[in-house]
Number of protein chains: 2
Amino acid sequence: MSLRHALLGLLVDRTASGYDLMKLFDTSLANVWPATQSQVYGELGKLDTTGLVEVVAEGPRGRKEYGLTPEGLAELRRWLVEEEGSRPQRSETLLQVFFLGVLPKNQAVARLLRQAGTAARQHAGLAALKESVDWEDGMLSVNGRLALEYGLRLRAMEEEWARWAADEVLRKGSGRAADAEDAPAEAPES
Amino acid sequence: MSLRHALLGLLVDRTASGYDLMKLFDTSLANVWPATQSQVYGELGKLDTTGLVEVVAEGPRGRKEYGLTPEGLAELRRWLVEEEGSRPQRSETLLQVFFLGVLPKNQAVARLLRQAGTAARQHAGLAALKESVDWEDGMLSVNGRLALEYGLRLRAMEEEWARWAADEVLRKGSGRAADAEDAPAEAPES
DNA sequence: GAGGCCATGTAACATGTTACATGATTGT
DNA sequence: ACAATCATGTAACATGTTACATGGCCTC
């Protein structure tokens, strides 16, 4: 139930409407905990019922501005201290690596190099983000910087790994060699 | 819909019952794509209906042994070649980092060092696994080795990052300093 | 004959995604 | 007045988790 805690966390610094929170999700939390509009409104309702947040003001267009209650802040602290961040994390990419052997060697290599390219692009995106953000900001930015650094290191590692893996497959082979029936490998996008 | 493809992938090398597949999930795929028993049986039923797998033998205790059909193999190949492994990946750990500012500095540092310890333990676990596996095995092991290496690099990166982040928080501060109202930080487990 | 493993399934619930529906307000 | 943006919500569906239910087979 982390969406709940993401909302509580965002409400520490400010009061906000569901609409405002959606924008915050799309900007600050997009890479860490994406959420859809339905989810946000639904969860806000539940949090209100539970008493972890409350409506502190109403505005035009039925706008409801929520604020954190003392109970909400306590719950957020409890979560930060007690909860082990360890839900099972699935990786579709790695799953595909597992079965790469059913592809002819050249296609398997192409696939891995494509992944290297994707990781490199993501790395570049985060690097650009790092430049564009004003890091003198509030609490969220301070710690957001730590999260961003994680992303940078992760993508760098992924690119390096994918290149290494492609090389391994090339040298040691991963299953079937290309035969006449198989389509030739496409060149990896540069 | 990757569970579907995980099942198809496992059935490339062998025929197997739902029960057998569960064991394979718990051993080879546990760290990459965990699945529960309900999911496996449910999805096998759908795959059978769709014609991507078929019952090739029946055994005692109502055992149904499934095998891959040509259509199933084709679908697996299509997935490997076409599908970008890029579903939004959530990280509860990073989400917690984002809101670390609501904790007093010493608790925030303790939290990060705890994460470093967890990553180190996971790294050790994978290293032990690497030793214990017979890598001369089938296709699955060959590529499983690549996935394992990813895990090793990931956990190493995480430990290093967490130590770096703890140091950053210590030096630059992350929000509130500890005050009399806050509980003292516990020593990070060694 | 008893306990453990093999084997399959269902039900209830939580979470997440996509699409649809509705309308008020603001700026030009 | 028209479009863009603000603003909230519902419905249907897919995926994943936990718990329950049932019973056959094998070994000691």
Side-chain angles (χ1 to χ4, degrees), chain A residues 1-8 10 14-27 29-50 53 55-66 79 83 85-92 95, chain B residues 1-8 10 14-27 29-50 53-66 79 83-92 95:
Chain A
M1 283 222 281
S2 293
L3 173 64
R4 164 189 245 88
H5 298 103
L7 290 169
L8 294 176
L10 289 175
R14 62 198 127 254
T15 64
S17 67
Y19 191 86
D20 296 334
L21 289 165
M22 263 313 297
K23 278 190 298 185
L24 286 170
F25 266 94
D26 287 343
T27 55
L29 290 184
N31 296 300
V32 166
W33 202 273
T36 62
Q37 186 246 44
S38 323
Q39 264 185 301
V40 169
Y41 283 112
E43 193 65 38
L44 270 178
K46 284 182 216 160
L47 284 169
D48 191 12
T49 305
T50 327
V53 304
V55 177
V56 293
E58 308 215 2
R61 281 164 295 211
R63 174 188 173 92
K64 284 184 279 185
E65 200 153 352
Y66 291 96
W79 173 70
E83 220 89 48
S86 64
R87 50 180 58 209
Q89 46 186 17
R90 301 176 159 79
S91 167
E92 186 164 16
L95 186 61
Chain B
M1 280 220 281
S2 294
L3 173 63
R4 163 189 247 90
H5 298 104
L7 289 169
L8 294 175
L10 289 174
R14 61 198 127 251
T15 64
S17 66
Y19 192 86
D20 296 333
L21 289 166
M22 262 315 296
K23 277 189 297 184
L24 285 170
F25 267 94
D26 288 342
T27 55
L29 290 185
N31 297 300
V32 166
W33 202 273
T36 61
Q37 185 246 43
S38 323
Q39 265 185 299
V40 169
Y41 283 111
E43 193 64 39
L44 270 178
K46 284 181 215 159
L47 284 169
D48 192 11
T49 305
T50 328
V53 304
E54 63 188 352
V55 177
V56 293
E58 307 213 3
R61 279 164 295 207
R63 174 187 174 93
K64 283 184 280 187
E65 201 152 352
Y66 291 97
W79 173 70
E83 219 88 49
E84 273 293 337
S86 65
R87 53 180 55 211
Q89 47 184 12
R90 300 176 160 79
S91 166
E92 185 164 16
L95 186 60

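Just so we're on the same page: letters track the sequence lines, and every chain starts at 1.
- With rounding to whole Å, B/Leu44 atom CG is found 16 Å from C/dT10 atom C1'.
- Distance CG (B/Leu24) to C1' (C/dA7): 15 Å, rounded to an integer number of Å.
- Here the CD-OG distance, from A/Glu43 to A/Ser38, works out to 12.5 Å after rounding to the nearest 0.5 Å.
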So if I define the base as every atom that isn't primed, P, OP1 or OP2, how would nucleotides 23-28 of chain D read as a B/S/- string at a heavy-atom cutoff under 4.0 Å? BBB---
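- Taking atom NZ of A/Lys64 as the reference point, atom P of D/dT8 lies 7 Å away to the nearest angstrom.
- In this structure, B/Asp26 atom CG and C/dC5 atom C1' are separated by 15 Å, rounded to whole Å.
- The distance from atom OH of A/Tyr41 to atom P of D/dC6 is 11 Å, rounded to the nearest whole Å.
- The salt bridge (Lys or Arg N to Asp or Glu O under 4.0 Å) check on B/Glu58 picks up nothing, with sequence neighbours excluded.
- A donor-acceptor pair under 3.5 Å is formed between the side chain of A/Ser17 and the backbone N or O of A/Asp20.
- A/Arg14 CZ to A/Glu65 CD: the interatomic distance, rounded to the nearest 0.5 Å, is 11.5 Å.
- Atom CG of A/Leu10 sits about 12.5 Å away from atom OG1 of A/Thr15, to the nearest 0.5 Å.
- When the P atom of D/dT5 is taken as reference, atom NZ of A/Lys23 falls 11 Å away, rounded to whole Å.
- With sequence neighbours excluded, no residue forms a ring-ring contact (aromatic ring centres under 6.0 Å, His included) with A/Trp33.
- Remark: the backbone N or O of A/Gly45 is not paired with any side-chain donor or acceptor of A/Asp48 at under 3.5 angstrom.
- For A/Arg61, there are no salt bridge (Lys or Arg N to Asp or Glu O under 4.0 Å) partners, not counting sequence neighbours.
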Encode nucleotides 14-21 of chain D as B, S and - characters from 5' to 3', where the letter depends on protein heavy atoms closer than 4.0 Å: B to the base, S only to sugar-phosphate, - to neither. -SSBBB--
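- When the C1' atoms of four end pairs are superposed on the next four at each end of the helix from C/dG1-D/dC28 to C/dT28-D/dA1, using five pairs per end, the two resulting axes differ in direction by 10°, to 10°.
- Atom OG1 of B/Thr36 sits about 7.0 Å away from atom CE of B/Met22, to the nearest 0.5 Å.
- Rounded to the nearest 0.5 Å, atoms CD (B/Gln37) and CG (B/Asp26) are 10.5 Å apart.
- Between A/Tyr19 atom OH and D/dT5 atom P the separation is 8 Å, expressed in whole Å.
- In this structure, CG on A/Leu3 lies 11.5 Å from CD on B/Glu92, to the nearest 0.5 angstrom.
- Note: CZ (B/Arg63) to C1' (C/dC5) measures 13 Å, nearest angstrom.
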